[in-house]
Novice: 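Below you'll find the structure I mean.
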Amino acid sequence: MSETTNTQRMLDASKRAQADIASLADWFECELEKFEDDDQATWTSVGTLAEVRERLIETLAFFSGVEQAEIKRSLDELHM
């Protein structure tokens, strides 16, 4: 395999991953809209949202290199 072909495959894979991440973020927005009706809130839905939040914090920490505690601190500051 030539260096050019390998580089192009790498760039294509990177673009695909970025596009998929953007699509997944959009999908999350659609799913979050389902929770906007306060009359529909249950402890099960609260638990689900809390679990998703924790996993997203873990993922962002992995992706960004920022400590989870710092991400949580930043989120807490948004609600002060």
Side-chain angles (χ1 to χ4, degrees):
M1 184 178 299
S2 72
E3 180 69 27
T4 303
T5 303
N6 191 42
T7 300
Q8 187 59 50
R9 287 181 61 222
M10 179 186 60
L11 293 173
D12 291 345
S14 177
K15 287 178 186 177
R16 170 65 192 264
Q18 290 178 47
D20 286 353
I21 291 168
S23 293
L24 290 166
D26 290 342
W27 197 343
F28 268 101
E29 287 293 326
C30 292
E31 289 299 313
L32 285 171
E33 288 176 7
K34 295 178 183 178
F35 291 94
E36 288 181 356
D37 187 1
D38 291 339
D39 294 338
Q40 301 295 323
T42 65
W43 282 113
T44 302
S45 63
V46 172
T48 297
L49 289 168
E51 180 65 23
V52 169
R53 177 184 182 266
E54 284 302 312
R55 290 184 185 192
L56 287 171
I57 290 169
E58 290 172 8
T59 301
L60 181 58
F62 170 77
F63 185 64
S64 67
V66 175
E67 294 291 327
Q68 289 184 39
E70 181 61 31
I71 294 168
K72 289 177 182 180
R73 211 172 7 262
S74 293
L75 292 172
D76 289 342
E77 288 175 3
L78 292 173
H79 300 286
M80 294 179 124

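These numbers come from a predicted model, not from an experiment.
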Novice: Once you round to the nearest 0.5 Å, how far does CD of E33 lie from CD of E36?
Specialist: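 Answer for the CD-CD pair, E33 versus E36, is 5.5 Å.
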
Novice: Check whether any side-chain N or O of S23 sits under 3.5 Å from a backbone N or O of A19 as a donor-acceptor pair, and report yes or no.
Specialist: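 Looks like yes, one N/O pair under 3.5 Å.
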
Novice: Measure the spacing between CZ of F63 and CG of L56 and express it to the nearest 0.5 Å.
Specialist: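 Result: 13.0 Å between the selected atoms.
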
Novice: Are more than 12 heavy atoms from other residues, nucleotides or ligands located less than 6.0 Å from atom CZ of F35?
Specialist: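 More than 12 within 6.0 Å, yes.
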
Novice: Between E77 and R73 (salt bridge meaning N to carboxylate O under 4.0 Å), is one present in this structure?
Specialist: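 So E77 does not pair with R73 through a salt bridge.
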
Novice: Is there a side-chain contact between F62 and T59 in this structure, where contact means two heavy atoms from C-beta onward sitting under 4.5 Å apart?
Specialist: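 No; the side chains remain at least 4.5 Å from each other.
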
Novice: Ion pair present between R16 and D12, side-chain N to carboxylate O less than 4.0 angstrom?
Specialist: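 No.
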
Novice: If you measure from the Lys or Arg side-chain nitrogens to the Asp or Glu carboxylate oxygens, is any gap between E54 and K72 under 4.0 Å?
Specialist: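 A salt bridge links E54 with K72.
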
Novice: Test of understanding: clusters of I, L, V, M, F, W, Y form through side-chain heavy atoms closer than 4.5 Å, transitively. Do L49 and L78 belong to the same one?
Specialist: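 Different clusters: L49 never reaches L78 through Ile, Leu, Val, Met, Phe, Trp or Tyr contacts under 4.5 Å.
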
Novice: Do side-chain atoms of S14 reach the backbone of M10 as a donor and acceptor pair under 3.5 angstrom?
Specialist: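 No; zero donor-acceptor contacts below 3.5 Å.
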
Novice: State plainly whether the residues K34 and E31 are in salt-bridge range, i.e. N to O under 4.0 Å.
Specialist: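 Yes, K34 and E31 are salt-bridged.
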
Novice: At what distance, to the nearest 0.5 angstrom, does CD1 of I71 lie from CD1 of I57?
Specialist: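 Between atom CD1 of I71 and atom CD1 of I57 there are 7.0 Å.
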
Novice: Flag the pair R53 / L75 as yes when at least one side-chain heavy-atom distance between them is below 4.5 Å, and no otherwise.
Specialist: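 Heavy-atom side-chain distance check passes, below 4.5 Å.
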
